[in-house]
**Student:** 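Quick one: this structure, given as structure tokens, is what I'll be asking you about.
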There are 2 protein chains.
Amino acid sequence: MNASSTPSTPGARASDTRARLIGTAQALLQTHGFAAFSYQHLADELGIRKASIHYHFASKDDLGVAVLAAFRASFDEWVRLHLGQDPHARMLAYLRIYTRFARDHGKACPVAMVSSDFFDLPETVREQARLLAQAHLLWLAATLEEGRQAGVFAFPGEARRQAEVIGCAAQGAVLSARMWGDQRMDDILRQLLAQLAPPPPARPVNIQIMD
Amino acid sequence: MNASSTPSTPGARASDTRARLIGTAQALLQTHGFAAFSYQHLADELGIRKASIHYHFASKDDLGVAVLAAFRASFDEWVRLHLGQDPHARMLAYLRIYTRFARDHGKACPVAMVSSDFFDLPETVREQARLLAQAHLLWLAATLEEGRQAGVFAFPGEARRQAEVIGCAAQGAVLSARMWGDQRMDDILRQLLAQLAPPPPARPVNIQIMD
DNA sequence: GTCTATATCCGGATAGAC
DNA sequence: GTCTATCCGGATATAGAC
């Protein structure tokens with residue numbers, strides 16, 4: 001009955017199962033939320049018994065902390081991989097993360113899912129959620145500011161505020177994709193980018209400034 | 001032990017309890033989500049036994065349908081009350097709905113909460129959620145388009161697309177207010193409005209067109 | 001590391017008295 | 001309309017064998 005491609009074996013290393021638990025829990029968190037997935041779901045997915053999970057994560061809260069920390073580590077790695085690109089390309093790549101989420105069985109942003117469960121979460125998990133959200137917002141603000149100075153983005157006020165708008169809209173977009181399909185979300189992200197585009201040069205007066 | 005201000009009495013009318021159930025369920029949906037609140041929570045709040053709730057709503061799904069229908073009725077009424085106002089004032093009033101949500105114990109948008117639970121909901125509840133979201137989007141699109149033609153809003157492309165951005169951002173904003181407090185959300189809504197503001201007249205050339 | 005077995009609690013739902 | 005009593009399933013978690 002073990003549906004897993006890598007059934008548990010007596011010689012399995014703890015770190016293997018632990019990593020697979022985190023990966024599966026990440027997917028379940030994005031599709032069903034933290035409260036709505038269970039050790040039973042995880043056990044079924046991995047082909048082990050649910051009691052075995054407690055060896056790796058004594059409580060579900062511990063698992064929640066590890067799952068959110070893993071999301072943060074993934075994002076840090078993603079940031080590292082895109083360090084060289086220009087702001088516009090980076091922002092495109094960032095929004096494509098959410099496009100991929102939505103297309104992958106309607107996964108939502110982990111931060112949005114945790115926010116929904118927020119009042120039923122222990123402080124340890126809440127803290128990790130804040131750290132993850134913070135990492136995204138800081139990156140967004142830096143990218144927006146860099147893009148504005150490079151002339152590829154235009155928006156009013158502080159980059160930090162604009163970063164919050166983009167982040168919230170992206171979260172809302174993947175949520176709405178669950179209702180309406182991922183085409184809806186593509187439209188929203190495109191509109192978000194269109195709003196960031198700088199206006200065309202003041203007027204088509206034929207002045208050319210030579211340098 | 002009845003904490004309710006209107007304890008159940010033998011002579012209570014069904015419509016009273018039914019209305020109180022819907023109202024309490026609306027609040028619980030916005031704070032904890034549909035899956036996370038229980039008949040027991042409702043019963044405690046109203047000062048009755050949980051079995052009694054089944055008289056009014058045979059199943060929790062039936063309650064969910066009624067709760068979302070009630071949200072839609074409230075919104076329709078809100079729309080009616082604001083018919084006379086100009087687009088800018090209407091949009092301000094609309095965003096203030098979410099500000100009030102966030103300040104009221106961190107309530108989220110019901111659509112966002114239902115979206116999180118979406119894959120675990122029966123089709124009857126999903127349908128109501130779509131109807132509610134649709135009502136908001138249609139109103140937003142109409143208000144945006146009217147405001148653009150009146151010159152108080154500026155945005156690229158179709159109003160319908162911009163409506164989706166505003167709606168998603170508002171949903172994300174109230175969710176993020178649960179993490180960071182409602183001041184954060186005020187900032188986001190302000191930024192949203194600032195982005196909608198039309199640019200200042202082409203340049204301060206001292207041309208006055210007389211009419 | 002993973003198992004079986006079990007403890008404990010809470011969820012929605014039903015039957016039938018009042 | 002609301003009650004008590006009960007059923008059943010599923011949740012997290014623990015104990016102890018292998």
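Throughout, protein chains are lettered first and strands after them, A, B, ... in sequence-line order, and every chain is numbered starting at 1. Because the structure is predicted, anything quoted here is derived from the model rather than measured.
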**Student:** Can a side chain N or O of B/S38 be found less than 4.0 Å away from OP1 or OP2 on C/dC10?
**Tutor:**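 Answer no for this pair, as no side-chain N or O of B/S38 is under 4.0 Å from OP1 or OP2.
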
**Student:** Considering all heavy atoms of both residues, which atom of A/P110 and which atom of A/L29 are nearest to each other, and what is their separation?
**Tutor:**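 Reported closest heavy-atom pair: CB-CD2, 4.2 Å.
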
**Student:** Using whole Å, report how far OH of B/Y39 lies from C1' of D/dC7.
**Tutor:**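 These atoms are roughly 17 Å apart.
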
**Student:** Have A/R184 and A/S176 got a donor and an acceptor in their side chains that come within less than 3.5 Å?
**Tutor:**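 Result is no, nothing qualifies.
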
**Student:** Between A/K50 (NZ) and C/dT6 (P), how many Å, whole number?
**Tutor:**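 These atoms are roughly 14 Å apart.
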
**Student:** Expressed as a whole number of angstroms, how long is the span from A/R49:CZ to D/dT14:C1'?
**Tutor:**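 Rounding to the nearest Å, CZ of A/R49 and C1' of D/dT14 are 18 Å apart.
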
**Student:** Report yes if at least one side-chain N or O of B/Y55 is closer than 4.0 Å to OP1 or OP2 of D/dG1; otherwise report no.
**Tutor:**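 Yes, within the criterion.
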
**Student:** Does the separation of the ring centres of B/H136 and B/Y94 fall below 6.0 angstrom?
**Tutor:**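 Yes, ring centres under 6.0 Å apart.
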
**Student:** Measure from NE2 on B/H54 to C1' on D/dT4 and round the result to the nearest Å.
**Tutor:**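 It works out to 14 Å between those atoms.
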
**Student:** Based on Watson-Crick and G-U pairs with both distances under 3.5 Å, what dot-bracket line describes DNA chain D 5' to 3', crossing pairs as [ ] and inter-strand pairs as |?
**Tutor:** |||||||.||||||||||

**Student:** Can you give me the closest heavy-atom contact between A/G64 and A/F34, atom names plus distance?
**Tutor:**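 Looking at all heavy atoms of both residues, the shortest contact is CA-CE1, 3.5 Å.
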
**Student:** Which label fits A/W78 and A/F75: parallel for a plane angle under 30°, tilted from 30 to 60°, or perpendicular past 60°?
**Tutor:**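 Rings of A/W78 and A/F75: parallel, under 30°.
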
**Student:** State, to 0.1 Å, how close A/I188 and B/C168 come at their nearest heavy-atom pair, and which atoms those are.
**Tutor:**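 So the minimum-distance heavy-atom pair works out to CD1-SG, 3.5 Å.
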
**Student:** Grab the NE2-P distance between A/H32 and D/dG10 for me, whole Å please.
**Tutor:**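 About 15 Å, once rounded to whole Å.
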
**Student:** Taking only the side-chain nitrogens and oxygens of B/H56, find out if one of them lies under 4.0 Å from OP1 or OP2 of D/dT2.
**Tutor:**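 Yes, because at least one side-chain N or O of B/H56 sits under 4.0 Å from OP1 or OP2 of D/dT2.
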
**Student:** Round to a whole Å and report the spacing from CZ of A/F37 to C1' of D/dA11.
**Tutor:**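 Rounding to the nearest Å, CZ of A/F37 and C1' of D/dA11 are 13 Å apart.
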
**Student:** Compute whether any side-chain donor of one residue and acceptor of the other, for B/Q162 and A/Q191, lie under 3.5 angstrom apart.
**Tutor:**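 Indeed, the side chains of B/Q162 and A/Q191 share at least one donor-acceptor pair under 3.5 Å.
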
**Student:** Salt bridge check, B/E77 against B/R80: does any charged N sit closer than 4.0 Å to a carboxylate O?
**Tutor:**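 Salt bridge flag = yes for B/E77 with B/R80.
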
**Student:** Is B/S52 near enough to D/dG1 that one of its side-chain N or O atoms lies under 4.0 angstrom from OP1 or OP2?
**Tutor:**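 It does not, given that no N or O in the side chain of B/S52 lies less than 4.0 Å from OP1 or OP2 of D/dG1.
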
**Student:** Taking CG from B/D16 and C1' from D/dT2, how many angstroms apart are they, rounded to a whole number?
**Tutor:**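 Distance, rounded to whole Å: 14 Å.
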
**Student:** The side chain of B/Q40 lies closest to which of these nucleotides: C/dG11, C/dA13, D/dA13?
**Tutor:**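 In terms of side-chain proximity for B/Q40, the closest of C/dG11, C/dA13, D/dA13 is C/dG11.
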
**Student:** Nearest whole angstrom, please: distance from the P of C/dG11 to the CG of B/L63.
**Tutor:**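 About 15 Å, once rounded to whole Å.
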
**Student:** What are the residues of residues 24-31 of chain A, sorted by number, that bring a heavy atom to within less than 4.0 Å of DNA chain C?
**Tutor:**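 Hits under 4.0 Å, by residue number: none.
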
**Student:** State whether A/T17 places a side-chain N or O below 4.0 Å from either non-bridging phosphate oxygen (OP1 or OP2) of C/dT2.
**Tutor:**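 So the side chain of A/T17 is within the cut-off, an N or O lying under 4.0 Å from OP1 or OP2 of C/dT2.
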
**Student:** So, is A/H41 close to the D/dA11 phosphate, meaning a side-chain N or O under 4.0 Å from OP1 or OP2?
**Tutor:**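 A/H41 to D/dA11 OP1/OP2: side-chain N or O found under 4.0 Å.
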
**Student:** Please determine whether any donor N or O and acceptor N or O are separated by less than 3.5 Å between the side chain of B/K60 and the base of C/dG11.
**Tutor:**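 Counting by modelled atom types and ignoring angles, no donor-acceptor contact under 3.5 Å is found here.
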
**Student:** Applying a 4.0 Å non-hydrogen cut-off, can you work out what B/F57 is touching in the nucleic acid: base, sugar-phosphate, or nothing?
**Tutor:**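 No contact.
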
**Student:** Can a side-chain donor-acceptor contact be found between B/Q30 and B/Q26 if the only test is distance below 3.5 angstrom?
**Tutor:**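 B/Q26 vs B/Q30: no donor-acceptor pair found between side chains.
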
**Student:** Would you mind telling me which of C/dG11, C/dT14, D/dT14 lies closest to the side-chain atoms of B/A51?
**Tutor:**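 Minimum distance to the B/A51 side chain belongs to C/dT14.
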
**Student:** Among all residues two or more places apart in sequence or in another chain, which pass the side-chain contact (heavy atoms from CB on, under 4.5 Å) test with B/D86?
**Tutor:**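 For B/D86, the residues satisfying side-chain contact (heavy atoms from CB on, under 4.5 Å) (neighbours in sequence not counted) are B/H88, B/A89.
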
